[in-house]
Amino acid sequence: MNVHSPNRFFLGVSASATGRGWSDRLDARASQLALAIAQRHNVPEILARVLAGRGVPLDEVPGYLDPSIRALLPDPLVLTGMADGVERIAQAARSGERVAVFGDYDVDGATSTALLVSFLQAAGLDPLFHIPDRIFEGYGPNIGAIEQLAAKGVSLLVTVDCGTTSIETLAAAKTLGVDVVVLDHHQAGEHLPDAVAVVNPNRADDLSGLGHLCAAGVVFMTLVALSRRLRELGHWNDRPAPDLLQSLDLVALGTVADVVPLRGLNRAFVSKGLIALKRRQRLGLTALMDVARLDGPPRPWHLGFLLGPRINAGGRIGDAALGTRLMLTDDPVEAKRIAAELDRLNTERQEVERAILAAAEGEAIAAVGLEDTGATVVVTGDGWHPGVVGLVASRLKERFNRPAFAIAFNGETGTGSARSIPGVDVGRAVHGAVDAGLLRKGGGHAMAAGLTVERGQLGALRAYLEETLATAVMKARADRTLALDGALTASGATISLVEQLAKAGPFGAGNPEPVFAFPNHKLAYVEAFGAGHVRGRLMSNDGTALKIMAFRIAEEPLGKALLASRGRMIHLAGTLDLDHWQGETKVSVRIRDMAEAHG
């Protein structure tokens with residue numbers, strides 16, 4: 001449903017501090033749907049507006065407000081290759097084979113590895129796992145690691161969050177007598193590796209419609225089918241079958257951190273996974289929540305911005321296996337030690353990132369120029385740490401509102417990452433560049449990709465990306481309106497409202513957080529603090545004050561506009577949040593935009 005109404009500016013704001021027009025997320029048809037939802041299902045009008053704005057059909061509202069795994073989980077065998085993969089892993093469990101799990105070094109890879117390893121342990125095996133070193137081994141299976149695993153007696157290798165494009169490496173595994181099952185979600189090329197099974201909802205011949213799952217979601221579905229198959233074989237007669245619902249904390253973490261759309265089954269995974277996290281039963285994640293000073297019940301943004309970056313820090317600049325070990329440990333002392341080490345590495349990663357980002361922004365500003373030209377931003381640097389280029393690309397994408405590529409060169413070869421804006425598929429562009437001979441290797445999905453490039457091909461790669469992505473970027477950037485779910489006053493932003501709205505969550509990619517306007521409020525106080533953050537106080541006519549905050553915007557147009565507006569009347573747009581501080585809970589607003597209030 002197209003619910004945007006770009007022709008009518010909300011509050012008359014046609015050019016905000018970020019240069020956007022504001023629009024009502026609901027057009028006339030969606031407004032009618034909101035009214036029908038409120039009347040038929042007896043939900044508050046503002047919640048009905050949020051549901052209508054996300055295209056929830058009238059008859060599906062009860063199921064949407066309480067997403068159930070049971071109702072939304074299809075039979076896992078709908079995934080192409082699933083039956084063969086499950087049969088081979090079940091055979092290994094029954095005969096006590098040596099199995100190894102090969103994961104990726106990001107959060108999705110770490111959670112996927114921990115999911116599968118813990119299940120195989122419960123099934124009576126003693127599996128090995130290997131997370132490659134980002135710098136020395138690179139992404140995906142490599143022949144050296146597989147040779148080492150084969151030497152340890154491994155007869156079955158299961159790759160998670162990688163493997164779909166590893167045709168040569170997995171052919172080598174076969175010659176070593178190692179069977180391979182691939183569990184992945186990345187975009188697949190025309191040719192697939194020669195494996196027992198390649199289970200990937202994004203392979204061309206998969207008709208499951210589950211392409212939005214991350215690897216942890218694919219692994220969870222595999223474990224559902226595997227547990228069922230082992231039950232049929234009598235495997236659980238002499239040992240308890242693991243409770244898969246207890247592992248949804250890991251699935252939720254992988255789903256949020258990999259920024260896949262929070263629709264359908266993914267939304268149920270995160271909704272139920274947050275409940276599992278709240279129980280604090282997994283020692284490793286509990287220790288990580290404590291070291292990250294997570295306040296109150298876990299929410300999706302905690303997973304994306306507090307837990308995820310710490311797990312990633314091991315893969316970026318430390319020991320890539322730390323995150324997986326943390327999630328698997330049942331020793332409280334070990335859990336605290338690894339959590340503290342990941343926290344330290346995350347701080348170190350932030351310092352490395354800041355230095356590289358300063359250089360990258362300078363290069364990007366020079367490239368984009370005053371005319372703000374070009375479909376993409378491509379920055380390179382010698383000696384940059386390859387572990388942080390993805391984060392640098394992400395920051396540049398936010399700042400310049402176009403796909404960004406950051407490439408770290410070591411000699412004549414560069415390792416890079418790309419991050420995209422909605423509506424522009426960088427994974428496909430990177431695959432195309434590989435096919436065109438411009439990249440040594442590369443892959444990914446719509447919003448993120450990785451690549452390896454020779455210095456001599458940089459010019460041709462830049463030209464290719466400009467030509468390939470120009471139309472999609474122009475279209476995506478043209479629709480820069482900020483869609484608003486409604487207007488509130490400071491006094492109307494209550495704890496009970498935030499709790500009501502949470503029923504339409506969890507919010508994230510594909511299920512955007514509700515954004516509300518606060519018209520004609522006084523910016524009573526505002527200041528910059530920390531590493532470029534901004535905070536302040538917004539006051540309504542009746543004197544009610546709200547805490548407002550935004551991260552990393554002090555030097556951006558929005559931050560500068562806010563800092564120049566102290567004491568003035570403004571229109572503010574933001575999302576609602578709950579602050580838990582010293583036993584007290586208050587509503588705060590995370591700033592998305594502002595505009596001058598005229599008259």
Side-chain angles (χ1 to χ4, degrees), residues 68-103 111-129 153-161 163-164 170 173-174 177-185 192-203 205-210 213-248 250-251 254 265 268-269 272 328:
S68 124
I69 303 280
R70 189 181 296 276
L72 291 164
L73 187 80
D75 187 322
L77 298 186
V78 300
L79 284 155
T80 300
M82 179 66 87
D84 291 340
V86 163
E87 197 59 44
R88 181 64 186 88
I89 301 170
Q91 178 191 327
R94 294 294 289 154
S95 55
E97 285 181 58
R98 200 74 202 262
V99 179
V101 180
F102 195 109
T111 51
S112 297
T113 304
L115 274 167
L116 185 52
V117 168
S118 57
F119 183 93
L120 294 174
Q121 288 170 340
L125 295 179
D126 182 21
L128 300 173
F129 72 87
V154 167
S155 53
L156 174 62
L157 178 71
V158 184
T159 71
V160 294
D161 199 28
T164 299
L170 298 189
K174 192 171 185 178
V178 178
D179 284 345
V180 180
V181 172
V182 174
L183 305 178
D184 197 5
H185 74 122
L192 294 173
D194 183 8
V196 173
V198 177
V199 182
N200 182 337
N202 287 306
R203 54 184 280 183
D205 59 348
D206 186 287
L207 304 176
S208 66
L210 295 169
L213 293 182
C214 69
V218 173
V219 170
F220 182 83
M221 291 194 67
T222 306
L223 298 184
V224 170
L226 180 57
S227 187
R228 183 173 67 192
R229 182 67 184 125
L230 288 172
R231 179 169 282 108
E232 291 167 0
L233 295 169
H235 193 75
W236 304 125
N237 293 348
D238 53 357
R239 57 169 57 83
D243 179 1
L244 290 177
L245 294 180
Q246 293 297 324
S247 64
L248 285 171
L250 298 180
V251 183
L265 185 55
F269 281 155
K272 303 309 180 197
L328 287 170

For the student: nearest non-hydrogen atoms of [X] and [Y], plus distance:
X    : Y    : result
S155 : E97  : OG-OE1, 2.6 Å
L170 : G163 : CD1-O, 3.7 Å
P242 : A122 : CG-CB, 3.9 Å
A114 : L328 : O-CD2, 3.5 Å
A92  : L125 : O-CD2, 3.8 Å
P76  : A225 : CB-CB, 3.8 Å

| said: For T80 and D205, which I'm curious about, is there any donor-acceptor pair between the side chains at under 3.5 Å? | reply: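 Judged by distance alone, the side chains do not pair up.
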
| query | Between the side chains of N200 and T164, is a donor N or O closer than 3.5 angstrom to an acceptor N or O? | reply |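 Yes, side-chain donor-acceptor contact under 3.5 Å.
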
Separation of [Y] [atom2] from [X] [atom1] (nearest 0.5 Å):
X    : Y    : atom1 : atom2 : value
T113 : D161 : OG1   : CG    : 8.0 Å
L233 : R231 : CG    : CZ    : 11.5 Å
S208 : L213 : OG    : CG    : 7.5 Å
L226 : L120 : CG    : CG    : 7.0 Å
L115 : L250 : CG    : CG    : 4.5 Å
S112 : L183 : OG    : CG    : 8.5 Å

Side chains of [X] and [Y]: does their closest heavy-atom pair fall under 4.5 Å?
X    : Y    : result
L248 : L245 : yes
V182 : V199 : no
D84  : R88  : no
V198 : P193 : yes
L128 : V154 : yes
M221 : V218 : no
T159 : D184 : no
V99  : I89  : no

| said: Could you walk me through whether V180 and V196 satisfy the side chain to side chain contact (heavy atoms under 4.5 Å, CB included) test, starting with their C-alpha distance in whole Å, then the side-chain angles of each, then the deciding distance to 0.1 Å, before giving a yes or no? | reply: CA-CA 6 Å; V180 180; V196 173; over 6 Å; no

| request: Show your reasoning for whether side chain to side chain contact (heavy atoms under 4.5 Å, CB included) applies to L77 and R228. | output: CA-CA 11 Å; L77 298 186; R228 183 173 67 192; 3.7 Å; yes

Tell me whether [X] contacts the main-chain N or O of [Y] through its side chain, where contact means a donor paired with an acceptor under 3.5 Å.
X    : Y    : answer
N202 : H185 : yes
S247 : L244 : yes
W236 : S227 : yes
R98  : L156 : no

| request: Just do the side chain to side chain contact (heavy atoms under 4.5 Å, CB included) check on V78 and L210 with the steps written out, would you? | output: CA-CA 9 Å; V78 300; L210 295 169; 4.2 Å; yes

| Could you walk me through whether E87 and R94 pass the salt bridge (Lys or Arg N to Asp or Glu O under 4.0 Å) check? | CA-CA 10 Å; E87 197 59 44; R94 294 294 289 154; over 6 Å; no

| Verdict with supporting geometry, F220 and F269, ring-ring contact (aromatic ring centres under 6.0 Å, His included) | CA-CA 10 Å; F220 182 83; F269 281 155; 5.3 Å; yes

